[in-house]
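Below is one structure, written out as structure tokens; comments come after it.
Order of appearance sets the numbers: ligands from 1, and atoms from 1 within every ligand. Bear in mind that the values here come from a model prediction, so they are computed numbers and not experimental data.
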Amino acid sequence: MIKIIKNAKVYDPEYLGLRDVVIVGDKISNIGENFYLKNEAVEVEIIDGKGKILVPGFIDSHVHILGGGGEGGFKTRTPEITLTDITRGGVTTVIGCLGTDGITRNMVSLLAKARGLEEEGITTYIYSGSYRIPITTITGDVAKDIIVVDKVIGVGEIAISDHRSSQPTVDEIRRLAADTRSAGILSGKAGVINLHLGDGRRMINILKDIVENTEIPYSQFIPTHMNRNPYLFKEAVEYAKSGGFIDFTTSSDPVFWEEGEVKTSKALKICLEEGVPENRMTISSDGQGSLPMFNEKKEFIGLRVGKVTSIFEEIRDAVLDEKLPLEKVLKVVTSNPADILKLRNKGRIKVGFDADFVLIDEEKFEINTVIAKGRVMIRDKKVEVYGTFE
Ligand SMILES: CC(C)C[C@H](NC(=O)C[C@H](N)C(=O)O)C(=O)O
Ligand SMILES: [Zn+2]
Ligand SMILES: [Zn+2]
């Protein structure tokens with residue numbers, strides 16, 4: 001089947017102008033103007049892009065696809081994700097991970113869930129591990145996981161500066177980064193460590209120690225939740241300006257903003273104003289992860305569940321409220337994660353790349369159509385492809 005998306009305003013994520021984009025199978029085959037196919041032998045579907053903005057499908061680099069949570073006991077284990085939890089947010093590629101609970105949830109289940117979502121139509125990868133060191137793996141060895149399991153691209157989310165962490169030493173994180181880096185080099189993968197930052201005052205001291213005192217480069221680490229409180233966010237700006245990569249979590253709640261969390265759309269604006277290089281920032285949802293609340297005695301007082309759809313909400317707020325240019329905002333959820341995570345053929349509208357797209361209604365700035373690997377998942381705001389049990 002050939003599809004032509006006609007006359008859309010295309011951001012690849014740089015703005016290209018009004019273009020037609022031709023999809024053959026699951027790939028982008030042409031980008032240009034006034035494409036027509038006069039050939040009865042081939043069935044062509046025309047998708048009208050008039051009045052719409054065409055952008056690369058979003059990459060959500062931190063999703064608890066198996067569910068997460070548990071910080072309030074068994075009843076607070078959050079639910080597994082469904083396909084449309086992801087696609088209706090314009091996300092076409094997810095990186096799945098475990099979190100606080102790497103015991104009742106395991107790596108084999110995470111891999112099975114990632115494979116299930118891939119069968120349902122989107123692109124998935126996973127991180128080995130959970131909050132805790134020693135790392136929970138598939139093969140029994142972190143480096144072997146990255147080298148032999150196609151979907152494993154690194155390790156995460158490993159908790160530091162958090163009362164729920166395993167209190168890892170700098171040596172443990174350093175050795176882990178050495179293992180993931182060399183396994184990544186041997187397998188052509190990123191081999192990154194996705195680091196969960198808690199509210200602890202030690203912040204990213206371990207990380208700064210490693211990048212300053214070893215040969216391991218900044219690009220090996222993606223510290224996430226860097227907007228969770230004002231002092232960590234201030235550290236994030238300095239760290240990124242000195243060469244580091246930083247990730248902001250979009251799932252949130254007004255309660256957290258009152259407590260000082262820096263809303264992602266505002267975090268992006270401040271970073272750009274402070275001169276943080278555009279390619280150093282990513283945003284991710286923590287979808288299906290728990291957003292637990294603890295009192296000053298670190299007693300659990302409740303939790304909410306992260307949503308993948310919060311990604312687009314923050315993109316929308318960044319453009320409409322913070323008046324940031326769309327092509328800068330798009331990078332943090334398309335070409336930046338694709339480059340940092342070394343996801344081939346992802347994150348850009350380029351010939352030969354995967355046909356992952358979001359068509360945004362320009363007037364209302366809402367998601368209209370979502371295409372994953374050439375398949376229309378959402379059409380005119382209606383779900384066209386449901387998950388198996390939805
Ligand atoms: C950034 C804050 C608000 C949420 C953050 N979520 C996780 O790390 C995931 C969660 N623990 C799980 O395993 O499902 C947190 O708990 O600190
Ligand atoms: Zn986390
Ligand atoms: Zn998480």
Inset, instruction - Have a look at ligand 1 and work out which part of Asp286, if any, has a heavy atom under 4.0 Å from it: side chain, backbone, both or neither. - result: side chain
Legend entry - Gln288, portion touching ligand 1 at heavy-atom distance under 4.0 Å: neither
Legend entry - Protein heavy-atom partner closest to atom 8 (O) of ligand 1 - residue, atom, separation in Å: Tyr131 OH, 2.6 Å
With heavy-atom distances below 4.5 Å as the criterion, would you say the side chains of [X] and [Y] are in contact?
X      : Y      : value
Lys189 : Tyr125 : no
Leu18  : Lys9   : yes
Ile65  : Thr124 : no

Legend entry - Where ligand 1 meets Glu157 - atom numbers and elements under 4.0 angstrom, heavy-atom basis: 7 (C), 8 (O), 9 (C)
Legend entry - Atoms in ligand 1 with a heavy atom of Gly289 nearer than 4.0 Å: 14 (O)
Candidate with minimal heavy-atom separation from [atom], of [options]:
atom                    : options                        : result
atom 13 (O) of ligand 1 : Asp253, Asn227, Asp199, Thr100 : Thr100
atom 11 (N) of ligand 1 : His225, His196, Glu71          : Glu71
atom 15 (C) of ligand 1 : Arg164, Arg77, Arg105          : Arg164

Legend entry - Pairing of Lys307 and Glu313 as salt bridge, 4.0 angstrom limit: no
Legend entry - Salt-bridge present (Asp354, Lys346; N to O < 4.0 Å): yes
Legend entry - Gly198 to ligand 1, any heavy atom closer than 4.0 Å: no
Inset, instruction - Please confirm whether Thr78 comes under 4.0 Å of ligand 1, counting heavy atoms of the residue only. - result: no
Verify, without hydrogens or angle tests, whether [X] (side chain) and [Y] (backbone) share a donor-acceptor contact under 3.5 angstrom.
X      : Y      : answer
Tyr218 : Ser242 : yes
Thr180 : Gly191 : yes
Asp141 : Lys144 : yes
Lys342 : Asp339 : no
Ser128 : Val142 : no

Flag [X] as yes when one of its N or O atoms lies below 3.5 Å from any N or O atom of ligand 1, and as no otherwise.
X      : value
Asp162 : no
Gly69  : yes
Arg228 : yes

Inset, instruction - Output, by chain and residue number, all protein N/O/S atoms separated from the Zn ion (ligand 3) by less than 2.8 Å. - result: His62 NE2, His64 NE2, Glu157 OE2, Asp286 OD1
Inset, instruction - May I ask you to decide if the ring planes of Phe58 and Phe312 are parallel, tilted or perpendicular, using 30° and 60° as cut-offs? - result: parallel
Legend entry - Cation-pi, Tyr11 ring and Lys331 (6.0 angstrom, 45 degrees): no
